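Note that the coordinates shown come from a computational prediction; the quantities given were computed from them, not determined experimentally.
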Amino acid sequence: MASTAKQKGWNILVITSDEHNAKIMGCTNHPIIRTPGLDRLASEGTLFTKAYCAYPICAPTRQSFITGQYPLEHGQLSNSHVFDKRNRTWAHHFKQHGYTTACIGKMHTNHESYEYGYDYRYSTEHIPQEIKTRKALNPPIFDPDDKLIFDSITDIRNGGKQPSRLQGKVVNDESLENDVIMLEEAIQYLKTHRSDKFFLHVSFVQPHWYWNTPEKYYYMYDPEQIDLPETVPGELESNAVVYKMAEKAGWFQNTEKMHRLARARYYGSISWMDSNVNRLLDTLDELGLKENTVVVYFSDHGDMAGEKGLWLKNQMYDSSSRVPLIIRMPGIVPEGEVNDMLINHVDLFPTLAGLAGALEHLPDHLSGADLSDSIVSREDGKEARRAKKFTFSIQGLKSVDSVPQQVMARSENWKLIQYTNEEPEYRYVLYDMKNDPDETQNVAYEEHLCSVVQEHLTAIEQFLSGLRKPVYEVKLKEQTGTTLI
C-alpha cells in the first residue's frame, strides 16, 4: 500500500470545522440535516463512527492533531495557553517529504500569524483592513424575533449573568465572512499549486457559535419542525458531575422553544459549512486533482446541541467528544464504507503519513499510531479493523503536573469516564455503548461490571503514565503578550 502511494504522489487536503456534532450529517442518517458535500465525500470514501478528539475544547485538541500528541505533551493545556513556536508539527514532517505546505484559517495557537512549519499561512490576522472596514459598516444583524428568545436566557457562570452564547445573526454580505474569505484563499491556493505536491489544511470556524450565517442558511430549518433529542428521566442525575456543571452554567433555564431555535440555527450553520466543503471538492474536480488527492474531513470536537438539555462542549458524552471523520483516497481507501475502528485526533498525523507513503522520519515522540493499514484493509470481519483496544480523551488541565479533571477511556463497547477530583461515589461513570449508545445510564457501580471498570481504570493509569512532558515551558497568553484568538 505504501509503495502504491509513493508511486502516485498523493496530495493531501485536510478540511476541518469547529464544534460539529458527529451525529448531525446526512451520511449518518440524520433525518433533517442537509449536508450534500459531506455526504458526497462519505460516498466516495470511508466514514468513521468511533473517532474521538484528544480534548473537547478548541485549542488543546487542535494542536493534538497537528503534533500527534496529547495536550499534556505539546503544552497548550487550554484556550488560554499558547502553543510554543518551536513545536514540531505535521507541516515540518510533510515538507521533509517534498510537500509544499499551507494552513488557511483557524489554528488557535494564540500565535495565530506564526507559520508553525507551514510554507504559507493565512489567518484572520492577514485579512486586509479594507475588508474589515466594509464588514464593520455592514455587520450581521439579529432577527428581532429570534433575539427576544436568545436574550431570555443568561449565562450565569462565575456568579454573574451574561448574555447566552446561544445566538445567531443573519449575514448580509457572505463575501465578508471569515469562512468565505478562507475558502476563496484556499481555492486560489489550489489553482496556484495544482502542479505541486501539496499539503493544504483549510480550517473553517462554523458551526461554532455564534451562528452568523447567510439568510439562505439561517432560515433553512424551521424551529417548529426541528428534531429534539429524547430526554430520559434521571439520565443527568446518574452523572452527578455533569448535572452540577449544567446547573452552574444555567442550561436548565432553557425552554423547548429556545432549544428548537438554537438547534435550527446550528443546523443552518452546519449546512453553510458543508456548502464550503462542497466548493473545495468541486475545485479539486475542476483542476483534475481528485484522483491523486487524499481528502480528510473532521472537526475539533462536537457540541451537545441540546442533547440532555446541554450545549457546547467540555463533556465526554459522544455529542461533545466524538468527531465526524471522513477520508477519501480514490482506489486506496474503500468507497462508501462505514468503519467503526477506534481512532483519535492524535492518530491522524501518523495515519496520513502512512496513507501517503511518508512514514520515513516520522517523529518518535508521537502518542498517535499509524492506522492506515486498518483503514485500507478490505478483509471481511471486524477483527481486521480493531487496531486499538482503547482511545482516550482528557479535559481540565491546570498545569503539566496536574491530573486531568476528566479522563475518558473508550473501548469497543464501553466508555469509562473518571472525574478525578470527585468523591469516590461520584468519580466514575460507565456507559454500555453497545446497548445504551445515548449514554443514559451510569452502570459503573453495578457489581457484576467491576472487572470492566477495573480494566478501563488500568488502561487510564497506563495511558497517563505514558505521556511525555512538554519539551518547552508551558505559558499562558498573558505571560507572552499575545492576543487570544
Colleague: Assess the pair Phe83 and Tyr114: is the distance between their ring centroids shorter than 6.0 Å?
Modeller: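 Not close enough - the centres of the two rings lie 6.0 Å or further apart.
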Colleague: Taking only Lys NZ, Arg NE, NH1 and NH2, and the carboxylate oxygens of Asp or Glu, determine whether Asp347 and Lys388 approach each other closer than 4.0 Å.
Modeller: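 Salt bridge present between Asp347 and Lys388.
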Colleague: How many angstroms lie between atom CG of Asp274 and atom OH of Tyr297, to the nearest 0.5 angstrom?
Modeller: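 Separation between the atoms: 8.0 Å.
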Colleague: Look at atom CD of Gln96 and say whether more than 12 heavy atoms of other residues, nucleotides or ligands are closer to it than 6.0 Å.
Modeller: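 Yes, because the 6.0 Å sphere around CD of Gln96 holds more than 12 heavy atoms from other groups.
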Colleague: For Ala59, enumerate each residue passing the side-chain contact (heavy atoms from CB on, under 4.5 Å) test, keeping only those at least two apart in sequence or located in another chain.
Modeller: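 Once residues adjacent in sequence are excluded, the partners of Ala59 under the side-chain contact (heavy atoms from CB on, under 4.5 Å) criterion are Gln76, Asn79, His108.
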Colleague: Assess Arg265 against Trp211: is NZ or CZ under 6.0 Å from the centre of the six-membered ring, and within 45 degrees of the ring's axis?
Modeller: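 Relative to the ring axis of Trp211, which defines the angle, Arg265 lies outside at least one limit.
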Colleague: Is there a side-chain hydrogen bond (donor to acceptor under 3.5 Å, both in side chains) between Asn138 and Asn172? Walk through the geometry before answering.
Modeller: CA-CA 7 Å; Asn138 189 19; Asn172 293 310; 3.2 Å; yes
Colleague: Go through the steps to decide whether Glu73 and Arg468 satisfy the test salt bridge (charged side-chain N to carboxylate O under 4.0 Å, His left out), and finish with yes or no.
Modeller: CA-CA 5 Å; Glu73 299 175 303; Arg468 305 163 182 84; 3.3 Å; yes
Colleague: Mark yes or no: Arg263 above the aromatic ring of Tyr221, with NZ or CZ under 6.0 Å from the six-membered ring centre and no more than 45 degrees from the axis.
Modeller: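 No cation-pi geometry.
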Colleague: With a 6.0 Å cut-off on ring centres, are His345 and Tyr52 close enough?
Modeller: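 Centroid separation for His345 and Tyr52: 6.0 Å or greater.
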Colleague: Which pair of non-hydrogen atoms, one from Tyr116 and one from Lys85, has the smallest distance, and what is that distance?
Modeller: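 That closest heavy-atom pairing would be CE2-CA, 3.7 Å.
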Colleague: Could you check whether Lys50 pairs with Glu412 (Lys NZ or Arg NE/NH1/NH2 to Asp/Glu carboxylate O, under 4.0 Å)?
Modeller: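 A salt bridge is absent here (no side-chain N lies under 4.0 Å from a carboxylate O).
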Colleague: For Ile57 versus Gln395, what's the shortest heavy-atom pair and its separation?
Modeller: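 Where Ile57 meets Gln395 most closely, the heavy atoms are CD1-NE2, 3.8 Å.
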Colleague: Could you tell me the separation between the CD atom of Gln454 and the NE2 atom of His456, rounded to the nearest 0.5 Å?
Modeller: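 If I round to the nearest 0.5 Å, the distance is 11.5 Å.
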Colleague: Return yes if a side-chain donor-acceptor contact under 3.5 Å exists between Thr100 and Asp196, otherwise no.
Modeller: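 No donor-acceptor contact under 3.5 Å links the two side chains.
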Colleague: Which is it for Thr440 and Asp438 under the side-chain hydrogen bond (donor to acceptor under 3.5 Å, both in side chains) test, yes or no, and what are the steps along the way?
Modeller: CA-CA 6 Å; Thr440 65; Asp438 294 326; over 6 Å; no
Colleague: On a heavy-atom basis, which atom in Tyr428 and which in Leu457 lie closest, and how many Å separate them?
Modeller: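 Minimum heavy-atom contact is CE2-CD2, 3.5 Å.
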Colleague: Can you confirm if the aromatic rings of His30 and Tyr267 lie within a centre distance of less than 6.0 Å?
Modeller: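 Yes, ring centres under 6.0 Å apart.
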Colleague: So, Glu455 and Trp414: side-chain donor and acceptor under 3.5 Å apart, yes or no?
Modeller: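 Absent: no donor and acceptor within the cut-off.
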Colleague: Give a yes or no on whether Lys475 atom NZ has more than 12 heavy-atom contacts from other residues, nucleotides or ligands under 6.0 Å away.
Modeller: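 Counting neighbours around NZ of Lys475, 12 or fewer heavy atoms of other residues, nucleotides or ligands fall under 6.0 Å, so no.
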Colleague: Are Lys308 and Tyr317 in a cation-pi setup, meaning NZ or CZ lies under 6.0 angstrom from the ring centre and within 45 degrees of the ring axis?
Modeller: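 Judged by the rule (NZ or CZ under 6.0 Å from the ring centre, within 45° of its axis), Lys308 counts as positioned above Tyr317.
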Colleague: Identify which one of Tyr70, Phe298, Tyr55 satisfies the ring-ring contact (aromatic ring centres under 6.0 Å, His included) criterion when paired with Phe65.
Modeller: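 Among Tyr70, Phe298, Tyr55, the one that satisfies the ring-ring contact (aromatic ring centres under 6.0 Å, His included) with Phe65 is Phe298.
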Colleague: Please report the closest heavy-atom contact between Leu176 and Lys135, naming both atoms and the distance.
Modeller: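 Leu176 and Lys135 have their closest heavy atoms at O-CD, 3.5 Å.
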Colleague: Taking OH in Tyr426 as the centre, count heavy atoms belonging to other residues, nucleotides or ligands within less than 6.0 Å. Is the count above 12?
Modeller: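 For Tyr426, atom OH is not crowded (no more than 12 foreign heavy atoms under 6.0 Å).
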Colleague: Do Phe204 and Asn276 pass the side-chain contact (heavy atoms from CB on, under 4.5 Å) test, and can you show the C-alpha distance, the side-chain angles, and the key distance before you say yes or no?
Modeller: CA-CA 9 Å; Phe204 296 124; Asn276 292 330; 3.7 Å; yes
Colleague: Please confirm whether the ring centroid of Tyr266 lies under 6.0 Å from the ring centroid of Tyr210.
Modeller: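 No, ring centres 6.0 Å or more apart.
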Colleague: Using 0.5 Å steps for rounding, measure from the CE atom of Met316 to the OH atom of Tyr419.
Modeller: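 Reported to 0.5 Å precision, the distance equals 7.5 Å.
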Colleague: For the pair Ile375 and Thr351, evaluate side-chain contact (heavy atoms from CB on, under 4.5 Å) and give the outcome as yes or no after the intermediate values.
Modeller: CA-CA 9 Å; Ile375 290 172; Thr351 296; 3.5 Å; yes
Colleague: Using 4.0 Å as the upper bound for N to carboxylate O, is an ion pair formed by Arg121 and Glu112?
Modeller: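 Looking at Arg121 together with Glu112, the answer is yes, because their closest N to O distance falls below 4.0 Å.
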Colleague: Decide yes or no for Thr67 and His92: does some side-chain heavy atom of the first lie under 4.5 Å from some side-chain heavy atom of the second?
Modeller: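 No; the side chains remain at least 4.5 Å from each other.
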Colleague: For Leu166 and Asn254, run side-chain contact (heavy atoms from CB on, under 4.5 Å): C-alpha distance rounded to whole Å, both residues' side-chain angles, the deciding distance at 0.1 Å, then the answer.
Modeller: CA-CA 10 Å; Leu166 306 185; Asn254 285 355; 3.9 Å; yes
Colleague: Can you confirm whether the side chains of Ser320 and His301 place a donor and an acceptor under 3.5 Å from each other?
Modeller: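 The criterion, which ignores hydrogens and geometry beyond distance, is not satisfied for His301 and Ser320.
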Colleague: Tell me whether the centres of the aromatic rings in Tyr189 and Tyr122 are closer together than 6.0 Å.
Modeller: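 That pair fails the under 6.0 Å test.
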Colleague: Decide if atom NZ of Lys132 counts as having more than 12 heavy atoms of other residues, nucleotides or ligands within a radius under 6.0 Å.
Modeller: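 Count over threshold, so yes.
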Colleague: Decide whether Ser113 and Glu125 meet the rule of one side-chain donor and one side-chain acceptor closer than 3.5 Å.
Modeller: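 Glu125 and Ser113 do have a side-chain donor-acceptor pair below 3.5 Å.
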Colleague: Please walk me through it: do Phe198 and Tyr120 pass ring pair (Phe, Tyr, Trp, His ring centres under 6.0 Å)?
Modeller: CA-CA 11 Å; Phe198 61 79; Tyr120 180 69; over 10 Å; no
Colleague: Under 4.5 Å between any side-chain heavy atoms of Leu72 and Leu397, yes or no?
Modeller: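 They are in side-chain contact.
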Colleague: Go through Ile66 and Phe349 one step at a time and tell me if the side-chain contact (heavy atoms from CB on, under 4.5 Å) criterion holds.
Modeller: CA-CA 6 Å; Ile66 71 173; Phe349 172 6; over 6 Å; no
Colleague: Between Ser319 and Asn21, is any side-chain donor less than 3.5 angstrom from a side-chain acceptor?
Modeller: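 Ser319 vs Asn21: donor-acceptor pair found between side chains.
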Colleague: Atom CE in Met341, atom CG in Leu325: separation rounded to 0.5 Å?
Modeller: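 So the CE of Met341 and the CG of Leu325 are separated by 9.0 Å.
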Colleague: Taking the six-membered ring of Phe142 (Phe, Tyr or Trp), confirm whether the NZ or CZ of Lys147 is under 6.0 Å from its centre and within 45° of its axis.
Modeller: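 Output yes; distance and angle both within limits.
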Colleague: Of Ser393, Pro71, Ser367, which is the lone residue that meets side-chain contact (heavy atoms from CB on, under 4.5 Å) with Ser64?
Modeller: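 Single side-chain contact (heavy atoms from CB on, under 4.5 Å) partner of Ser64 among Ser393, Pro71, Ser367: Pro71.
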Colleague: Which of these, Arg322, Arg62, Lys313, sits in a salt bridge (charged side-chain N to carboxylate O under 4.0 Å, His left out) with Asp300?
Modeller: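 Output: one option passes, namely Arg62.
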Colleague: Assess the side chains of Asp370 and Ser372: does a donor N or O sit below 3.5 Å from an acceptor N or O?
Modeller: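 Yes, because at least one side-chain N or O of Asp370 sits under 3.5 Å from a partner of the opposite role on Ser372.
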Colleague: Can you list the steps and then say if Arg134 with Glu130 is a salt bridge (charged side-chain N to carboxylate O under 4.0 Å, His left out)?
Modeller: CA-CA 6 Å; Arg134 286 170 55 202; Glu130 179 265 338; 3.5 Å; yes
Colleague: Answer with yes or no whether the side chains of Ser299 and Ser17 bring together a donor and an acceptor at under 3.5 Å.
Modeller: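 Yes.
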